[in-house]
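Side chains included, hydrogens not; waters and symmetry mates left out as well; all remaining heavy atoms used. Remember, it's a predicted structure, so these values are computed and weren't measured experimentally.
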Amino acid sequence: MPRRKVSIIGAGNVGATAAYYIAEKVIADIVMVDVAEGTTKAKALDFLHAGPMRGYDVSIQGTSDFSAIADSDVAVITAGLPRKPGMDRMDLLRVNAEIVKSAAKRIAHYAPNATVIVVSNPLDQMCHVAFRTTGFAVHRVMGMAGILDSTRFRYFVATELGCALTDVHAMVLGGHGDQMVPLPRFTTVAGIPVTRLLDRAVIDRIVDRTRQGGAEIVAHLKTGSAYYAPAASVAEMVEAIVTDRKTLAPCAAFLRGEYGIENLFMGVPVLLGKNGIERIVELDLDEAETAQLRSSADAVKKGVDELNTFFTTR
Ligand code: NAD
């Protein structure tokens with residue numbers, strides 16, 4: 001089998017941990033690119049030193065030279081700055097949009113056949129920046145959020161029921177953030193809808209905790225945000241694409257009329273395989289679910305409009 005290659009732009013907490021999960025499962029050769037060259041080289045070497053014990057023989061490179069990403073099958077964008085004191089949301093948006101734009105330009109130049117997974121926040125806006133800057137086809141640019149939100153939902157359901165984590169499958173749609181749309185009707189335990197196993201009040205509490213999942217971790221960490229589960233979510237998407245596994249999972253996809261939404265990246269169920277997003281699955285949502293998705297789309301649209309006020313992406 002030809003060796004597969006994944007590049008991770010931004011080898012910080014999420015990027016480097018994703019590299020770790022990808023190496024551990026021997027999914028692909030890895031290139032980590034970061035402006036912090038020394039740290040990135042050191043992380044790559046450190047990973048390689050663990051290889052003989054952990055049994056992975058993938059190649060792992062750490063560099064600040066973007067030409068190393070040539071011929072990548074997948075490029076993950078995890079580069080970005082956290083919000084610093086004195087920065088407002090728009091300042092952060094502007095800074096991260098510039099970072100994602102420069103990463104996307106390099107991907108288009110050095111790895112024109114790669115599928116792009118955007119992770120940097122604000123996620124939905126950054127997907128737009130990457131999509132417009134690369135000029136790649138819609139199915140080759142996507143955002144990571146829904147898998148993460150769903151795994152949190154799965155964990156909370158499983159612990160509430162005291163059942164195996166892997167028996168729970170969950171679906172969380174919409175934009176990334178408070179406006180996400182967890183769907184209990186499409187969340188099952190070994191095929192049984194969770195709505196038959198838990199009371200409405202308990203489900204509501206779990207839905208709320210899922211919505212606050214990222215914030216709960218930030219509140220404990222004080223500086224920085226979650227990275228183990230986000231990195232595992234990235235590895236899951238990378239694996240689905242490079243192994244052509246046809247995984248059905250929620251990802252931020254560019255919608256062109258699906259769910260009645262036009263020209264926005266939104267979290268929806270997709271089939272992930274070697275061609276990136278191979279299919280968008282349209283669920284039969286009820287009135288309340290549709291209303292929540294619409295309101296989430298309005299929030300994402302507002303964010304994209306903000307982005308357009310100061311940022312021309314081409
Ligand atoms: P981090 O600060 O640990 O890492 C960011 C890395 O980006 C740093 O190593 C930094 O040197 C690097 N970087 C900055 N500018 C760069 C550039 N121009 N080129 C290459 N590298 C550059 O942050 P983190 O915790 O790893 O989070 C990374 C991003 O992912 C953040 O924007 C965060 O908000 C986002 N995130 C998203 C999700 C999600 O669900 N989509 C989840 C967690 C984190």
**OP:** Check the pair Leu92 / Asn96 against side-chain contact (heavy atoms from CB on, under 4.5 Å), numbers first and verdict last.
**Re:** CA-CA 6 Å; Leu92 182 71; Asn96 281 351; 3.8 Å; yes

**OP:** Determine whether more than 12 heavy atoms belonging to other residues, nucleotides or ligands lie under 6.0 Å from atom OH of Tyr21.
**Re:** yes

**OP:** Classify the ring geometry between Phe254 and Phe131 as parallel (under 30°), tilted (30 to 60°) or perpendicular (over 60°).
**Re:** tilted

**OP:** Please tell me if the side chains of Gln179 and Ser295 come closer than 4.5 Å, counting only heavy atoms from C-beta onward.
**Re:** yes

**OP:** Examine Arg140 relative to Phe136 and say whether NZ or CZ is less than 6.0 Å from the centre of the six-membered ring and inside a 45° cone about the ring axis.
**Re:** yes

Original post:
When rounded to the nearest 0.5 angstrom, what is the spacing between CG in Leu173 and CE in Met266?
Top reply: 8.0 Å

Subject >> Thr247 vs Arg245, side-chain hydrogen bond (donor to acceptor under 3.5 Å, both in side chains): CA-CA, chis, key distance, verdict >> reply: CA-CA 6 Å; Thr247 296; Arg245 206 213 258 151; 3.2 Å; yes

Less than 4.0 angstrom from a charged side-chain N to a carboxylate O is my criterion; do [X] and [Y] meet it?
{"X": "Asp298", "Y": "Arg294", "result": "no"}
{"X": "Glu262", "Y": "Arg256", "result": "no"}
{"X": "Asp29", "Y": "Arg3", "result": "yes"}
{"X": "Lys41", "Y": "Glu37", "result": "yes"}

**OP:** Could you tell me whether a side-chain N or O of Ser120 sits under 3.5 Å from a main-chain N or O of Ala79, the two making a donor and an acceptor?
**Re:** yes

**OP:** Kindly say whether Gly175 contributes a backbone atom to a donor-acceptor pair with the side chain of Ser296 at under 3.5 angstrom?
**Re:** yes

**OP:** Evaluate the side-chain contact (heavy atoms from CB on, under 4.5 Å) criterion for residues Lys274 and Ile241: first the C-alpha distance (whole Å), next the side-chain angles of each, then the deciding distance (0.1 Å), finally the verdict.
**Re:** CA-CA 5 Å; Lys274 68 175 184 315; Ile241 295 166; 5.6 Å; no

**OP:** Run through Val118, Val304, Val141 and flag the one making a side-chain contact (heavy atoms from CB on, under 4.5 Å) with Phe265.
**Re:** Val141

Subject >> Heavy-atom pair of closest approach, residues Ala253 and Ile280 >> reply: CB-CD1, 4.1 Å

Subject >> side-chain contact (heavy atoms from CB on, under 4.5 Å) assessment of Met32 paired with Thr63 >> reply: CA-CA 6 Å; Met32 296 187 289; Thr63 180; over 6 Å; no

Original post:
Between Ile22 and Ile8, does a side-chain contact (heavy atoms from CB on, under 4.5 Å) hold up when you go through it step by step?
Top reply: CA-CA 11 Å; Ile22 291 165; Ile8 300 176; 4.3 Å; yes

